[in-house]
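As structure tokens, the structure follows; a few thoughts come after it.
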Amino acid sequence: MSPATLTRTEATATDTTTLDQMPAALDSSNSKLVYLYLATVDEATISELQSTLEMQQLALFPTLDTLEGEGLIEREGETFTVAA
């Protein structure tokens with residue numbers, strides 16, 4: 001089912017599930033934002049994260065480094081995903 005065909009109830013259930021799966025260790029709003037975005041879209045490049053989340057590199061790079069260091073996200077080339 002494509003995202004366009006989700007009903008409001010299904011979308012809300014999906015959003016709630018994603019929020020329930022957010023690691024408790026995330027304490028900064030930037031970490032939560034980046035993690036939630038990656039969990040929602042499955043993968044993103046730095047450029048996509050910057051433009052979509054409207055984050056500057058000065059905030060984005062340390063956030064990605066922290067999430068990767070804690071084993072919450074993985075980097076493959078220029079693409080970031082939530083760790084399996």
Side-chain angles (χ1 to χ4, degrees):
M1 176 183 313
S2 72
T5 61
L6 288 176
T7 66
R8 183 180 209 77
T9 303
E10 291 168 330
T12 302
T14 301
D15 293 345
T16 302
T17 301
T18 303
L19 289 173
D20 289 342
Q21 295 171 352
M22 187 176 299
L26 297 177
D27 56 359
S28 78
S29 58
N30 283 346
S31 294
K32 291 176 183 178
L33 180 63
V34 170
Y35 183 87
L36 184 59
Y37 179 76
L38 288 172
T40 303
V41 299
D42 295 326
E43 65 179 32
T45 64
I46 290 173
S47 296
E48 292 168 338
L49 289 164
Q50 274 186 278
S51 64
T52 303
L53 302 177
E54 298 179 358
M55 289 181 70
Q56 295 181 359
Q57 286 185 0
L58 289 173
L60 186 57
F61 283 121
T63 300
L64 291 169
D65 287 343
T66 299
L67 291 171
E68 187 175 16
E70 292 177 3
L72 297 173
I73 65 170
E74 297 173 343
R75 179 181 187 163
E76 186 174 320
E78 294 187 19
T79 304
F80 291 87
T81 60
V82 171

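Hydrogens, waters and symmetry mates are skipped; everything else that's a heavy atom, side chains included, is used.
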Looking at [atom1] of [X] and [atom2] of [Y], how far apart are the two atoms once the value is rounded to the nearest 0.5 Å?
| X | Y | atom1 | atom2 | value |
| --- | --- | --- | --- | --- |
| Leu64 | Ser31 | CG | OG | 9.0 Å |
| Ile46 | Leu60 | CD1 | CG | 6.5 Å |
| Asp42 | Tyr37 | CG | OH | 10.5 Å |
| Phe80 | Leu38 | CZ | CG | 8.5 Å |
| Leu49 | Glu43 | CG | CD | 11.0 Å |
| Arg75 | Leu67 | CZ | CG | 13.0 Å |

If you compare all heavy atoms of [X] against all heavy atoms of [Y], which two are closest, and at what distance to 0.1 Å?
| X | Y | result |
| --- | --- | --- |
| Ala39 | Val82 | N-CG2, 3.5 Å |
| Ala83 | Gly71 | CB-O, 3.2 Å |
| Pro62 | Gln57 | CD-O, 3.9 Å |

**Message:** So, using side chain to side chain contact (heavy atoms under 4.5 Å, CB included) as the criterion, who are the partners of Thr45 when residues are at least two apart?
**Reply:**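 If we apply the side chain to side chain contact (heavy atoms under 4.5 Å, CB included) test to Thr45, skipping adjacent residues, the hits are Ser47, Glu48, Thr79.
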**Prompt:** Excluding sequence neighbours, so at least two apart, what forms side chain to side chain contact (heavy atoms under 4.5 Å, CB included) with Ala59?
**Reply:**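 Side chain to side chain contact (heavy atoms under 4.5 Å, CB included) check on Ala59 returns Asn30, Met55.
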**Prompt:** So do Thr66 and Leu72 actually touch side chain to side chain, heavy atoms under 4.5 Å?
**Reply:**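 Sidechains of Thr66 and Leu72: no contact.
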